[in-house]
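Before any comments, here is the structure.
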Amino acid sequence: MSKKIYITGLGIISAIGNNVEETLDFLNKQKSGVSSLDNIVSRYQHQLPVGEVKASNDELKKLAGIEHLPDNTRTTYLGIIAAKEAVKNAGINNMKEFRTGLISATSVGGMGITENLWFDYLNPEKTGEWLRYIETHECGDSTESIAESVGATDYVSTISTACSSSANSIMFGARLIKHGIVDRIIVGGTDSLSRFTINGFMTLMILDNEHCKPFDAERKGLNLGEGAGFIVLESEEAAKGKTILAELSGYGNSNDAYHQTASSPDGAGAYLAMEKAFKISGLKPENISYINAHGTGTAINDLSEGTAITRMFGKNVPFISSTKAYTGHTLGACGGIEAVFSVLAINHNTVFPNLNYKNQMPEVEFTPTTELLTNQKIDHVLSNSFGFGGNTSALIFSRHN
Amino acid sequence: MSTKNYISAICSIKNGKVFVNNTLDYTFTESNEPIDFFKSVYKHYQLNYPKFYKMDSLSKLAFIASEILLKTQAISKEHTPENIAIIIANSASSLEIDTEHQQTINDKANYFPSPANFVYTLPNILIGEIAIRNKIKGENTFFIFDKFDTLFMSSYINSLLNSKKASICVAGWVDFYENHYEANLYLVENSEKGLKSKHTAEELNKRITNN
Amino acid sequence: MDALIDKLKGEIIEQLNLEDVKKEDINNDAPLFGDGLGLDSIDALELIVLLEKNYGIKVANPQDGKKIFQSIRTMAEYIQANQK
């Protein structure tokens, strides 16, 4: 059984790029990818800032290289694009060489299509080729399509724990390798914007109608985003002779047990998740070079997470930033997208800035990094992801020596 | 696969019946409405947690099953909050309440989406409800399967317990869509307590289908 | 005012699914959140929806809810002052 979990491939698509190269360029420009909502017909169109992938479904289908297949959902297209890139990046040509699985996380699944066809579905007089979209609604359907598109079929599963979904899929994949159930696994998640989500978050009154400002004393809420991020995890055996981008050295999950949606003021769940991740990695807080925070920009998350980080790191908080001002909050996909950012930070010795930050939060002692920092020695990155339902997760990515 | 873990209790709720450790414990015949049944279970077992009424149907079902299950064992006395895991799966995800939320945003003339409904449009909120009620802070995950995969669930939970990520696990299946509902929640721990039933896929299959 | 308070109590019980609560259980001046009725942040958002749906009053900033929803009486006063 493999003691170490190696990361050999990255794949990403979000508001700041359709692949890893474009994403890195964009991150280095220190510019937000959040813009107006264009692709979805909504009462909030052109008003609400969102992290939208600027491509139509047809364009995404082409990018996913599956023009020969029937139409699918935006969530699936985004997932296929990122998963294919990760597999290619890992240099995997022969899927049969090792037992290979895929775990995908999503919170909305095929909602983007369902909400357009809903009344037609219900009308027994209407029938047509579009009825097959009913099957694409389920969260598991996108996973099946993504797994088939890359040929990773030895172990396929779907996780849905809100905004920590992707972090949990990465953690689950690592365990499957450690227990010898698979040799390598493509893990991450995908979510697309939908009216369903936008209207729902509007009712919770936690959307900022301007660009979000994570960890700012005057933060007003989050911007929604969409995208997908996948990484390839391999056992020591499977990764032999390959370029290793980083190691997944720690992971932890817990429940905040406070409220259905609101994080606890003391960040109990977040603290426990980080503590577990440290325990598995054998690392201590002082070993962390950079924290890629969950940092959504809501009053409650940033206070809760900031409090937990202050408790964990004391006065010695390392470089810290939330990258959600770049991409918006991509919900079920954010753990996968931010896993890619974390590995890029290690590989390029860079800290990506917390955009739009101006005012110090009085409740915490740390100040996020607001400028792009290069030539830093980034050996260990802590990446947090917290979800509704109190689900809190933390991952630690480490430089491979 | 051999296991040193045991199922110590199980609660199953389906077809207007509540089974505790595979013995019929309560039957409701007054109505075919699942919600009426859930409310009557709530009253019958004197659960006394007014937040129950605010939950969506799926969480209501999970809540009553977890309450009845946890009445069989005082788990919080023997296990610390961080060592109690909750691993639950279903097939319909949160489809029931998704549908309700969708109805409220599709009607332009009567557009009043409910924040309380939207909160429940994630299946893992039901785990949150159980965690909040019982102050459970351990690992928690929600899986979506076509049907209850006892082989997957048992190996996943055995791995959690064997690697000491948790000392006890609240596990099972809670599904609700269009009046079809079923809950099978059980406790898995690494010592012989309660039912003292070996935690294997075969045993689970038997216990879940025998009611 | 009394009629409005009585109507409001019924609407709140329905909107927030307070099944075990009766109108007479709600004291006009008791706090709605925390110790009183034990409402939480999601309930506050539901009350904002109630104001818009039943009284045509839009509350744009959720922070305003804290003042408006102190008690049934403050809520009724707010409705009287803002209803067109």
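It should be emphasised that the depicted structure is a prediction, and the values quoted were computed from it without experimental measurement. Residue numbers start from 1 in every chain, and the chains themselves are labelled A, B, ... in the order their sequence lines are given, proteins ahead of strands. All heavy atoms count here, side chains included; hydrogens, waters and symmetry mates do not.
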Answer key: most heavy-atom pairs under 4.5 Å with chain B among A:G252, A:A162, A:S107 is A:A162
request  = Determine yes or no for a side-chain-to-main-chain donor-acceptor pair under 3.5 angstrom, with B:N184 supplying the side chain and B:G172 the backbone.
outcome  = no
Cut-off 4.5 Å, heavy atoms of chain B, and the answer for A:M202 is neither
Applying a strict 4.5 Å limit to non-hydrogen atoms, the region of B:F152 in contact with chain A is side chain
Whatever's closer than 4.5 Å to a heavy atom in chain B on A:F196 counts as both
So, the part of A:K276 with a heavy atom under 4.5 Å from chain B: the answer is side chain
_I want to check something: taking the side chain as every heavy atom from C-beta on, are A:L331 and A:H329 in contact at a cut-off of under 4.5 Å?_
yes
Main chain of A:T392, side chain of A:N253: is a donor-acceptor contact present, judged purely on distance under 3.5 Å? yes
Counting heavy-atom pairs under 4.5 angstrom with chain A, the leader among B:S159, B:S163, B:S93, B:S114 is B:S159
- Please examine the side chains of A:L102 and A:Y155, heavy atoms only from C-beta on, and report whether any two atoms are closer than 4.5 Å. no
So, the part of B:S59 with a heavy atom under 4.5 Å from chain A: the answer is neither
| request: Determine whether B:I87 and B:N140 make a side-chain contact, defined as any pair of heavy atoms from C-beta on separated by less than 4.5 Å. | output: no
For B:E189 and B:I7, indicate whether the former's side chain and the latter's backbone hold a donor-acceptor pair under 3.5 Å.
no
Could you label the plane-to-plane angle of the B:Y156 and B:F143 rings as parallel, tilted or perpendicular, counting under 30° as parallel and over 60° as perpendicular? perpendicular
Take B:K60 and B:L58 through the side chain to side chain contact (heavy atoms under 4.5 Å, CB included) test and state the conclusion after the steps.
CA-CA 5 Å; B:K60 276 195 176 85; B:L58 181 67; over 6 Å; no
Of B:A89, B:A85, B:A166, B:P113, the largest count of non-hydrogen pairs under 4.5 angstrom with chain A goes to B:P113
task = Could you walk me through whether A:T114 and A:H137 pass the side chain to side chain donor-acceptor pair (under 3.5 Å) test, one step at a time?
result = CA-CA 6 Å; A:T114 303; A:H137 176 83; 2.6 Å; yes
Given B:I105, B:L95, B:N134, B:I127, the one with more heavy-atom pairs under 4.5 angstrom with chain A than any other is B:I105
Applying a strict 4.5 Å limit to non-hydrogen atoms, the region of B:L160 in contact with chain A is side chain
Quick one: does any side-chain atom of A:S264 pair with a main-chain N or O of A:G267 as donor and acceptor, under 3.5 Å? yes
Comparing A:G140, A:G390, A:S160, A:G109 against chain B, the one with the most heavy-atom pairs below 4.5 Å turns out to be A:S160
Greatest number of non-hydrogen atom pairs under 4.5 angstrom with chain B, of A:L272, A:N199, A:D256, A:I280, falls to A:N199
Under 4.5 Å to a heavy atom of chain B? For A:M171 that would be side chain
Looking at A:Q47, I'd like to know if its CD atom is crowded, meaning that more than 12 non-hydrogen atoms belonging to other residues, nucleotides or ligands lie closer than 6.0 Å.
yes
Distance-only, no hydrogens or angles: does the B:Y181 side chain make a donor-acceptor pair with backbone N or O of B:V174 under 3.5 Å?
-> no
Counting heavy-atom pairs under 4.5 Å with chain B, the top scorer among A:N168, A:T261, A:N391 is A:N391
So, the part of B:E129 with a heavy atom under 4.5 Å from chain A: the answer is side chain
With chain A, the option among B:V119, B:T104, B:I84 that has the most non-hydrogen atom pairs under 4.5 Å is B:V119
Mind checking whether B:F118 and A:F201 have ring centres under 6.0 Å apart? yes
Looking only at the aromatic ring of each residue, does the gap between the centers of B:Y6 and B:H199 stay below 6.0 angstrom?
no
Honestly, the part of A:Y121 sitting under 4.5 Å from a heavy atom of chain B is neither
Under 4.5 Å to a heavy atom of chain B? For A:S157 that would be side chain
Note: vs chain B, highest number of non-hydrogen pairs under 4.5 angstrom among A:G389, A:A268, A:A257 is A:A257
If one checks every heavy atom of B:L122 against chain A at 4.5 Å, the contacting part turns out to be side chain
Assert top hit (heavy-atom pairs under 4.5 Å, partner chain A, pool B:H101, B:R133, B:K51, B:Q103) equals B:H101
Bottom line for B:D149: the part with an atom under 4.5 Å from chain A's heavy atoms is neither
Whatever's closer than 4.5 Å to a heavy atom in chain B on A:F172 counts as side chain
